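Take a look at the structure set out below.
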Amino acid sequence: MRRGPCSITLDKSFKDNGYQLMNDRDAPIWQNPSYWPVTFASLRSGHRESTDKVQVDTAGGGSAEEQITNHGFD
């Protein structure tokens with residue numbers, strides 16, 4: 001598709017103006033101040049470790065075999 005010189009000039013000025021329409025509403029002072037574009041990365045990883053038949057002390061002074069589980073986020 002062939003474009004005329006007028007559309008090429010408009011495309012160049014649109015690019016030179018930072019891809020803004022220059023109608024005063026795309027300026028930062030006209031944008032909603034409650035929205036501030038920001039991104040946070042959350043790199044949390046969960047883990048769960050379990051061991052069977054661990055010798056543990058009981059309340060009566062004896063011992064018993066139980067399963068010990070440890071879990072959480074790093």
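This is a predicted model, so every value here is computed, not measured.
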Least distance between heavy atoms, Thr58 atom then Ala64 atom: CG2-CB, 3.8 Å
Partner set under side-chain hydrogen bond (donor to acceptor under 3.5 Å, both in side chains) for Glu65, not counting sequence neighbours: none
Non-neighbouring partners of Thr51 that pass side-chain hydrogen bond (donor to acceptor under 3.5 Å, both in side chains), sequence neighbours left out: none
All side-chain hydrogen bond (donor to acceptor under 3.5 Å, both in side chains) counterparts of Ser50, not counting sequence neighbours: Gln67
Other residues, nucleotides, ligands: >12 heavy atoms within 6.0 Å of His47 NE2: yes
Fellow cluster residues of Ile68, listed by chain then number, with links counted only when side-chain atoms sit under 4.5 Å apart: Val54, Val56
Pairwise distance CD(Glu66) to CD(Gln55) - rounded to 0.5 angstrom: 10.0 Å
